[in-house]
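When a residue number appears, it is its place in the shown sequence, counting from 1. Hydrogens, waters and symmetry mates play no part in the numbers below; they use all other heavy atoms, side chains included.
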Amino acid sequence: MEIFKYMEQYDYEQLVFCQDEQSGLKAIIAIHDTTLGPALGGTRMWTYENEEAAIEDALRLAKGMTYKNAAAGLNLGGGKTVIIGDPRKDKNEEMFRAFGRYIQGLNGRYITAEDVGTTVEDMDIIHDETDYVTGISPAFGSSGNPSPVTAYGVYRGMKAAAKAAFGTDSLEGKTIAVQGVGNVAYNLCRHLHEEGASLIVTDINKQSVERAVQDFGARAVDPDEIYSQQCDIYAPCALGAVINDSTITQLKAKVIAGAANNQLKEARHGDMIHEMGIVYAPDYVINAGGVINVADELYGYNAERALKKVEGIYGNIERVLDISARDGIPTYLAADRLAEERIERMRRSRSQFLQNGQSVLSRR
């Protein structure tokens, strides 16, 4: 892998390799863009096939966080960490304390949080060495479990998408097929049920399905049957790549709005559902409630203030839809454009500020 060529192609700022022999730490911190502010992104621990795969994952995820944070209206850039190792057996206190010291050494350019393979407890250990960490225990001023807040953001974004498709954002009487009923999706179902929507649910975990059936009167279907349900809204809330050649032909929904990451298997699938007239709420815009919530910790966490910001996902989805209509492009591209335009405005503003400052100095 030609690292500098890759970084130049996609405009990455920094790649940091962190090693601690005693604890076994092997971590890679990728900082994509800090135009809007310090880079915020979680720490993922995974058994990568090789070091190149770990580097590629860190870089890919960091860029995704730049777009997610920018589209969410946060004054934060994008970054990500991957730790090479098995989270079930390779963790130890010394590892996360050593990692915390590396984060501290970046002097606030990068702020971390939990991700796949890491926990609140891991973040608490990192917090022993640095303040540049979010998603720590509530005892330290954290927001706690992000699932309910993420779900609320998806709910708000779904209402905005519904308004574009049906002329009203009311979900009363709408039939919504929810794929996956984990922590986020269960809380989403609660909001939908309270508004009077009819729910169809599926999950590989039968207990999760039974819980939704019992609590919300949902109708359960087998996992492979969720795509072909007669419904108004399809809400993918489990695995990624669920919008693909096989599933698109089965869809009957007019809206796709759910919590899952990387819902499009390929970019062309976003083009296909756009041509079909399906209103798609891009995943990293609609599921940004969690990062909006933890970002509020940087100001001293206030739940009411955080939820108010999460409500803004409704407006963010509306802006994506406006750009889609304005430029005649699918919404997944419109989401990228929303993020890119915000970053570019800040770059121009900074450039103008510096030019004005130099002009003043030259006249003295």
Side-chain angles (χ1 to χ4, degrees), residues 6 8-12 32-33 35-36 41 56-57 59-74 76-78 80 153-154 156-166 227 233-237 239-249 251 253-289 291-292 312-348:
Y6 187 97
E8 183 178 4
Q9 180 179 359
Y10 297 104
D11 202 19
Y12 287 85
H32 176 246
D33 189 286
T35 301
L36 298 175
E56 288 180 347
D57 202 30
L59 290 167
R60 177 183 62 84
L61 293 167
K63 183 180 179 184
M65 288 306 302
T66 293
Y67 280 74
K68 188 168 194 169
N69 293 337
L74 299 173
L76 293 164
K80 205 78 172 188
V154 174
R156 293 286 300 168
M158 184 183 289
K159 287 175 71 66
K163 184 179 179 180
F166 308 117
Y227 308 103
I233 300 171
Y234 162 53
C237 296
L239 300 175
V242 293
I243 302 172
N244 53 55
D245 289 335
S246 174
T247 62
I248 286 175
T249 56
L251 294 176
K254 293 185 178 180
V255 173
I256 300 175
N261 289 312
N262 305 314
Q263 295 170 19
L264 302 174
K265 185 173 183 180
E266 299 176 29
R268 65 185 180 85
H269 296 123
D271 298 328
M272 290 171 66
I273 57 176
H274 177 71
E275 291 168 2
M276 293 168 64
I278 296 174
V279 176
Y280 171 56
D283 44 36
Y284 72 78
V285 181
I286 196 172
N287 69 13
V291 71
I292 294 171
I313 289 176
Y314 186 109
N316 293 342
I317 293 295
E318 285 191 315
R319 280 187 278 277
V320 167
L321 293 168
D322 287 344
I323 292 171
S324 175
R326 180 194 74 189
D327 298 347
I329 57 175
T331 54
Y332 79 94
L333 289 176
D336 288 353
R337 197 158 292 180
L338 172 69
E340 290 163 355
E341 287 179 354
R342 182 167 180 245
I343 292 169
E344 185 56 34
R345 285 196 302 270
M346 181 58 70
R347 284 177 177 162
R348 287 200 302 267

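Once rounded to the nearest 0.5 Å, the distance linking CG of N69 with OG1 of T66 reads 7.0 Å. Distance check: T35 OG1 to L76 CG gives 12.5 Å after rounding to the nearest 0.5 Å. Summarising the geometry, atom CD1 belonging to I256 is positioned 8.0 Å from atom CG belonging to L264; distances are rounded to the nearest 0.5 Å. To the nearest 0.5 angstrom, L251 atom CG is 9.0 Å from Y227 atom OH.
Every residue two or more places apart in sequence or in another chain was checked for a side chain to side chain contact (heavy atoms under 4.5 Å, CB included) with T249, and none qualifies. For K163, the side chain to side chain contact (heavy atoms under 4.5 Å, CB included) criterion is met by D169, Y314, E318, not counting sequence neighbours. Residues that satisfy the side chain to side chain contact (heavy atoms under 4.5 Å, CB included) test with D245, not counting sequence neighbours, are R268, H269, M272. Every residue two or more places apart in sequence or in another chain that forms a salt bridge (Lys or Arg N to Asp or Glu O under 4.0 Å) with E341 is listed here: R326. Applying the salt bridge (Lys or Arg N to Asp or Glu O under 4.0 Å) criterion to K68, with sequence neighbours excluded, gives no partner residue. Checked against salt bridge (Lys or Arg N to Asp or Glu O under 4.0 Å), D11 has the following partners two or more places apart in sequence or in another chain: R347. For R156, there are no side chain to side chain donor-acceptor pair (under 3.5 Å) partners, not counting sequence neighbours. With sequence neighbours excluded, no residue forms a side chain to side chain donor-acceptor pair (under 3.5 Å) with D322. Under the side chain to side chain contact (heavy atoms under 4.5 Å, CB included) criterion, Y10 pairs with Y6, Y12, K63, sequence neighbours left out.
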Item checked: Audit row: I243, I273, side chain to side chain contact (heavy atoms under 4.5 Å, CB included) steps and yes/no -> CA-CA 9 Å; I243 302 172; I273 57 176; 4.1 Å; yes
Notebook entry, point to check: Step by step, would you call K265 with T247 a side chain to side chain contact (heavy atoms under 4.5 Å, CB included)?
Noted result: CA-CA 11 Å; K265 185 173 183 180; T247 62; over 6 Å; no
Item checked: Derivation of the side chain to side chain contact (heavy atoms under 4.5 Å, CB included) call for M65 and V291 -> CA-CA 9 Å; M65 288 306 302; V291 71; 3.9 Å; yes
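Residue V154 comes nearest to A259 through the heavy atom pair CG2-CB, 3.9 Å, listed as atom of the first residue, atom of the second, then distance. The two residues V279 and A161 have their closest heavy-atom pair at CG1-O, 3.8 Å. Taking every heavy atom of both residues into account, N287 and A260 meet most closely at ND2-O, 3.7 Å. Between M158 and I233 the shortest heavy-atom distance is CG-CD1, 3.9 Å. The two residues A281 and I317 make their nearest non-hydrogen contact at CB-CD1, 3.9 Å. When all heavy atoms are compared, the tightest approach of G41 to K80 is C-CD, 4.2 Å.
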Using atom types as modelled, flag every donor-acceptor pair under 3.5 Å from a side chain in residues 331-339 to any protein atom, sequence neighbours excluded.
residue	atom	partner	partner atom	Å
T331	OG1	Y280	O	2.7
Y332	OH	A267	O	3.3
Y332	OH	D271	OD1	3.0
D336	OD1	Y284	OH	2.6
R337	NH1	D327	OD2	2.9

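At distances below 3.5 Å, at least one donor-acceptor pair connects side-chain atoms of D283 with backbone N or O atoms of N262.
Counting heavy atoms from C-beta on, the side chains of I343 and L36 come closer than 4.5 Å. Counting only heavy atoms from C-beta outward, the side chains of R60 and D57 approach each other to under 4.5 Å.
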